[in-house]
Amino acid sequence: MRLCLLTMCTLAAWGANTKVAFDPTDPATGPFPTDYLTTPDDRQRTGRRVNYPLPDCASRSSDCAEIALLNQFDGFNQNARLTLRFTAAIDPETLRDNVFIAWLDPAPGRVPVYPAGKLTPVNELVYDPATHTGFVKPDEILEGGRSYLIVVTSGVRDLQGDSVETHEGYEACLAERIGGDYCRRLRTAVDRIAPLLGSRRIAGASIFTTLTSTSFLEEARRIVQLTPTAFRRTSPALTASNIDGITFRKQVRTSGNRFADEVLPIQPGQLTQTGRIAFFAYRSPRFLNDAGVIAPSPSAEPIAAPAANEEIHGHVWLPATPAPAGGYPVLLAGHGLGDSRLGMPTAIAATAMGYAVVAISAVGHGSGPDSSYRFTRSGSTTEVPGPGRGVDTDNSGTIDPFEGCVVLAPGAPIIIRDCIRQTAIDYMQLVHAIREGIDLDGDGQRDLNPQTIHYLGQSLGGMYGTLLMAVEPEVSAAVLNVPPGSGTETGRLGTSATLQFVSLVALGFRQPVLLNRGLGFVDQMPLRRQPVSILNVAGARDLQDFWERTEWLENPGAPQSYARHLRTATLPGIGAKRILFQMAIGDQVAANPSTSRLIRAANLREQTSLYRYDLVRNLIPGVAADPHSFLIPQGPPATQAAGLAAIAQALTFLASGREFVPENNALVAPFFEGRTIFENPPADLP
């Protein structure tokens, strides 16, 4: 039933004062999001499924395809953009301190982030003067699978300084003359929250429920525990301490001259702390389909084991010291976008402090399946198969560095969501194999200790590492280095050529195309705590709508959706994790606002090490502009020292068994005039 049947939805002024428009049937009016635009569904954990209305699909085919995907979810975006329309112009700056999101009752059987009644302020304000519409974001990531009340108070003012008033449609809803069960729920929620606001009246409201983003991975872990690992050794272990050269022979094409060599910058003696490198494979359930997408499933129903599984290849850098009783402590190393299991993990292995460093390639990484590794030792070369997971998805004949991870199909901007989820599943199955007992050299002894499994992930590795830590109980501690909180926000804010290319392709594939600056775009989206952005650029609002849908679609694989479960509100059967975040000022890939949002969602600012690359660039002229890969020692001696110090900090934290931020400035003091370049942010994140 449309609420407008009682003519309560008109935007015409009723009396002289500006009102908070009220039409839950129309997302452009709202307040939105609203559970009025859902339908009952017992197969979902929330008991509802989104029922967002479709636009004209003839002219907006991509919008329709994206909304069709959203309509399979059991709730709204955990970082939902609120739409607040008014009957006349308002002072948009008054939205900041007078609009709230009230947390209602927590989901049954879950540890809540906050008790009912918590009021979250809003931020990132946008105002469209043409339609008198405000758009705001919550100032923190919301908990999944929980209901909330959007509260617009009388503190919002019009251009004459008068308080906004309630709309007749809203009043009819509270009186339960319209709206059925939705308006009964809204009235109950308003009555509960109104006393918390003091003298301010509620002038407009909406009730909505966020989606349960973790449901699929929780179910996937159950499948993992039932899936045989089929672990096997794939090549004889090599003595590693005398390796003086490594060449990655990458399969980059499907025919013709198929290979390209990449020489790793290994210095003589760099791997003296490493005893052997052992090679293995195991089988992991593959939930991805041929398009690189995990098919949606109702959040309250068990998922079936996939028909296919994939053989995942990996290797372990074993320490030179004898194995302790029970095996070496394990460090799972997760590499970044475009890297492979041979890149970042090798840098970590050089100073691994007694850890066995275990590495696999993420979905779509490691080049083609015919890739190999060449190890040079004392003048002789040994070649070992190194099958990668890269695929030629576009049938171009080439295999790009992360082809098969990024999905950019028109109408389905999944981007890296399911690459991240599948890779997290592959790490769960790797943990399963380690707990079963891994013998890497055939001597009948367990080489890896299943009681001590830690994780170190860089960039993309920090993203799938966040998911892994939230859902896998057997990994107790992690260091997450430069992890973005959201692939959508990373693509929107990142200034690296790779991210800009991915964003432009995503926008250009659509129908209609959303590029509004030639081959570029301007979306007018502000950062946290910036002044209100007044929409005055053609196409900016459409861009914002697209980013909102993409971020909503990404929720089931967005690290920021899982961050709450690392410590504050752990999932059933999962203990609180020890976590250290490492980030760098001026990161051009994992833009600071995205990483900061993730850390704030985890409530772990005090467990953050901030690399002051702004100071580094002032002290060491000519260093690279982007500090994103600072964990990997490279560049001039000063930045090499900074990378080694970051690795030492990470390993010290993991091995300590404590929750603290290890001091590591003494390791770099000679290079930076004694300045502090690693600090714990004292008040707020950049």
Side-chain angles (χ1 to χ4, degrees), residues 231 233-246 264 266-280 313-335 341-360 373 375-378 382 384 427 430-431 433-458 461 474-479 481 580 631-633 643-657 662 664 667:
F231 176 86
R233 295 183 297 276
T234 56
S235 296
L238 299 177
T239 301
S241 57
N242 61 352
I243 290 175
D244 52 27
I246 303 176
L264 272 66
I266 298 295
Q267 303 298 320
Q270 183 174 340
L271 296 171
T272 54
Q273 294 188 38
T274 306
R276 292 168 294 161
I277 178 171
F279 306 91
F280 65 85
H313 289 259
H315 62 267
V316 184
W317 295 97
L318 294 166
T321 54
Y328 294 104
V330 177
L331 180 61
L332 306 176
H335 66 77
R341 65 182 171 102
L342 196 62
M344 167 268 197
T346 302
I348 304 303
T351 57
M353 294 173 56
Y355 278 103
V357 179
V358 185
I360 63 173
Y373 307 142
F375 299 92
T376 303
R377 300 176 298 156
S378 304
T382 302
V384 175
Y427 271 92
L430 178 56
V431 171
I434 292 170
R435 290 187 59 78
E436 284 184 332
I438 286 180
D439 177 10
L440 293 165
D441 50 18
D443 64 359
Q445 301 296 313
R446 182 194 296 266
D447 292 302
L448 305 180
N449 186 348
Q451 303 304 315
T452 306
I453 305 177
H454 296 155
Y455 182 87
L456 172 55
Q458 190 261 349
E474 306 300 341
V475 186
S476 59
V479 175
N481 178 273
L580 174 67
L631 184 70
I632 302 173
L644 292 171
I647 293 172
Q649 181 183 60
L651 297 175
T652 299
F653 167 77
L654 292 170
S656 71
N664 61 341
L667 300 175

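Of the inter-residue distances, the one linking Ile438 atom CD1 with Phe231 atom CZ reads 4.5 Å to the nearest 0.5 angstrom. Separating the OG1 atom in Thr346 from the CG atom in Leu271 is a distance of 7.5 Å, to the nearest 0.5 Å. We find the CD1-CD1 distance between Ile266 and Ile243 to be 8.0 Å, quoted to the nearest 0.5 Å. From Ile647, atom CD1 reaches atom CG of Asn481 across 9.0 Å, with rounding to the nearest 0.5 Å. Taken to the nearest 0.5 Å, the CG atom of Leu318 stands 14.0 Å off from the CD atom of Gln273. For the atom pair Leu331 CG and Leu448 CG, the distance stands at 11.5 Å (nearest 0.5 Å).
When all heavy atoms of Ala650 and Leu456 are compared, the pair lying nearest together is CB-CD1, 4.2 Å. Contact record, Ala349 with Thr274: O-OG1, 3.3 Å, taken as the closest heavy-atom pair. Taking each heavy atom of Ala333 and Met344 in turn, the nearest pair found is CB-SD, 4.2 Å. Shown here for Gly444 and Asp439, the closest heavy-atom pair between the two residues is N-OD2, 2.8 Å. When all heavy atoms are compared, the tightest approach of Pro345 to Arg341 is CG-O, 3.3 Å.
Not counting sequence neighbours, the partners of Thr376 by the side-chain contact (heavy atoms from CB on, under 4.5 Å) test are Asp244, Thr381. Contacts of Tyr427 classified as side-chain hydrogen bond (donor to acceptor under 3.5 Å, both in side chains), with partners at least two apart in sequence or in another chain: none. Applying the side-chain contact (heavy atoms from CB on, under 4.5 Å) criterion to Gln445, with sequence neighbours excluded, gives Asp443. Thr382 is linked by a side-chain contact (heavy atoms from CB on, under 4.5 Å) to Leu238, Arg377, Val384, counting only residues two or more places apart in sequence or in another chain. By the side-chain hydrogen bond (donor to acceptor under 3.5 Å, both in side chains) test, Arg435 pairs with Glu474, sequence neighbours left out. Not counting sequence neighbours, the partners of Arg276 by the salt bridge (charged side-chain N to carboxylate O under 4.0 Å, His left out) test are Asp441. Every residue meeting the side-chain contact (heavy atoms from CB on, under 4.5 Å) condition with Ala347, not counting sequence neighbours, appears here in chain and number order: Ile632, Pro633. Applying the ring-ring contact (aromatic ring centres under 6.0 Å, His included) criterion to Tyr328, with sequence neighbours excluded, gives no partner residue.
At least one side-chain heavy atom of Val479 sits less than 4.5 Å from a side-chain heavy atom of Leu654. Two residues are said to be in side-chain contact when any heavy atoms from C-beta on lie closer than 4.5 Å; Leu631 and Ile348 meet this criterion.
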- Begin with the C-alpha distance, continue with both residues' side-chain angles, and end with the deciding distance and a verdict on side-chain contact (heavy atoms from CB on, under 4.5 Å) for Leu430 and Phe280. CA-CA 11 Å; Leu430 178 56; Phe280 65 85; 4.0 Å; yes

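A donor-acceptor contact shorter than 3.5 Å links the side chain of Asp447 to the backbone of Leu440. Panel note: side chain Ser656, backbone Phe653; a donor-acceptor pair is recorded below 3.5 Å.
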Donor-acceptor contacts under 3.5 Å from residues 351-359 side chains, at least two apart:
from	atom 1	to	atom 2	distance (Å)
Tyr355	OH	His454	ND1	2.8
Tyr355	OH	Ala655	N	3.3

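The aromatic rings of Phe375 and Trp317 sit perpendicular to each other, their planes meeting at more than 60°, with 30° as the lower class boundary.
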